[in-house]
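Order of appearance sets the numbers: ligands from 1, and atoms from 1 within every ligand.
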Amino acid sequence: MDITRLIRPHLLGLTPYSSARDDFDGTGHVFLDANENPYDTGLNRYPDPHQKALKQRIAELKGIDIQNIFVGNGSDEPIDLLLRAFCEPGKDNIIITPPTYGMYKVCAQLNNIQVLAAELTENFQLEPSKILKQITSSTKIIFLCSPNNPTGNCLNKESIRTVLENFNGLVVVDEAYIDFSEQGSLITNLTAFNNLVVLQTLSKAWGLAAARIGLCFAQSQVIDVLKKIKPPYNISTPNQTEALKVLRNVNLVRQQILKIQQQRQWLATALQTLPITRKVYPSDANFILVQVADADAIYRHLVGHGIIVRNRSKEPGCSDCLRITVGTQPENQHLIDTLNKYGA
Ligand SMILES: *Cc1c(COP(=O)(O)O)cnc(C)c1O
């Protein structure tokens, strides 16, 4: 598939903003080009607009070329940039698969891009034929989320492949929770499918939600257009530094992931035994979707005791469902104790 054909035509000829540090080759030591304050505070210089060191580490970790990596200000930035690069406002559309992450729709609406929906099945799996039926000549992107938020399950890889093979547009697979899952990333399929875009983030397993680091992996034509339209200094120096630190300390994160997975199992079992529980959905993520007797009342009960979960009961297929993030062992125990007090 020719990706260039999918890019909004007015962007093909666009000359991007050229930052001061882009305008010279070689190594300078007197920087009088960017109107910075010359007194060194560690923060007086502009950040690296290309995030070279960070991308190098990500390339190493993921076994992927630097030209296939884009780093965004959270995943929200690549989501927005993909929409702005590929979808013509007032004309093009995207397809989402509810119940799913809310940002795809909000971001599309912000950009005046129509949103078509193909709901997941009863057990939150993809139905490729249903998605393919929604495709029009103006469909540019299909957003899939695996493991899916708020349901917690991975989407069947065969079904994702069927969508990739039968759609002449981009298939964005959001893997924000992939580090908690036994199912491998689709990153390994990037060479087989040039219309595949994979999103990951340092906000969940990597513990860097405050630093806002989103990762986007795709073939270089897609990455190049995102780089072209991004704000030049989209990742601050402190955030690049923190991200590098975490990515160099993989073992600590691996240990935390193991503990979270153990707690997920513990929490699922404990929830299962509560009289208010109707159904505990299987999870490949760091949260559990649970259907309860009366989600609104139980949500209020928890808030009353200072425990905040996410009420997802208005989402399609999620009536009376709460989404509960896996916390530490004492936090999870406290949650279960508090739920046990409900109605008592
Ligand atoms: C939390 C989450 C993200 C992460 O967003 P960031 O902007 O990177 O913090 C992305 N996608 C899904 C499905 C999420 O649940």
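Applying the side-chain hydrogen bond (donor to acceptor under 3.5 Å, both in side chains) rule to pairs touching residues 291-309 yields Asp296-Asn311, sequence neighbours excluded.
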If you look only at distance, which donor and acceptor atoms sit under 3.5 Å apart when one is on a side chain in residues 71-79 and the other is two or more places apart or in another chain?
unit_1: Asp76; atom_1: OD1; unit_2: Tyr101; atom_2: OH; d: 3.3
unit_1: Glu77; atom_1: OE1; unit_2: Asn73; atom_2: N; d: 2.7
unit_1: Glu77; atom_1: OE1; unit_2: Asn234; atom_2: ND2; d: 2.8

For residues 333-344, which side-chain donor-acceptor pairs fall under 3.5 Å, sequence neighbours excluded?
unit_1: Gln333; atom_1: NE2; unit_2: Asp337; atom_2: OD1; d: 3.1
unit_1: Thr338; atom_1: OG1; unit_2: His334; atom_2: O; d: 2.7

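In this structure a side-chain-to-backbone donor-acceptor pair under 3.5 Å is present from Asp320 to Ala295. Side chain of Arg310 to main chain of Pro150: no donor-acceptor pair is present (N/O by atom type, distance under 3.5 Å, no hydrogens or angles).
Between Tyr233 and Tyr46, the two ring planes are parallel [angle under 30°; tilted spans 30° to 60°].
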Atom pairs, nitrogen or oxygen, ligand 1 to protein, under 3.5 angstrom:
unit_1: ligand 1; atom_1: 7 (O); unit_2: Ser75; atom_2: N; d: 2.9
unit_1: ligand 1; atom_1: 7 (O); unit_2: Asp76; atom_2: N; d: 3.4
unit_1: ligand 1; atom_1: 7 (O); unit_2: Arg212; atom_2: NH2; d: 2.6
unit_1: ligand 1; atom_1: 8 (O); unit_2: Ser75; atom_2: N; d: 2.7
unit_1: ligand 1; atom_1: 8 (O); unit_2: Ser75; atom_2: OG; d: 2.8
unit_1: ligand 1; atom_1: 8 (O); unit_2: Thr201; atom_2: OG1; d: 2.7
unit_1: ligand 1; atom_1: 8 (O); unit_2: Ser203; atom_2: OG; d: 3.4
unit_1: ligand 1; atom_1: 9 (O); unit_2: Ser203; atom_2: OG; d: 2.6
unit_1: ligand 1; atom_1: 9 (O); unit_2: Arg212; atom_2: NH1; d: 2.8
unit_1: ligand 1; atom_1: 9 (O); unit_2: Arg212; atom_2: NH2; d: 3.3
unit_1: ligand 1; atom_1: 11 (N); unit_2: Asp174; atom_2: OD1; d: 3.3
unit_1: ligand 1; atom_1: 11 (N); unit_2: Asp174; atom_2: OD2; d: 2.6
unit_1: ligand 1; atom_1: 15 (O); unit_2: Asn149; atom_2: ND2; d: 2.8
unit_1: ligand 1; atom_1: 15 (O); unit_2: Tyr177; atom_2: OH; d: 2.6
unit_1: ligand 1; atom_1: 15 (O); unit_2: Lys204; atom_2: NZ; d: 3.3

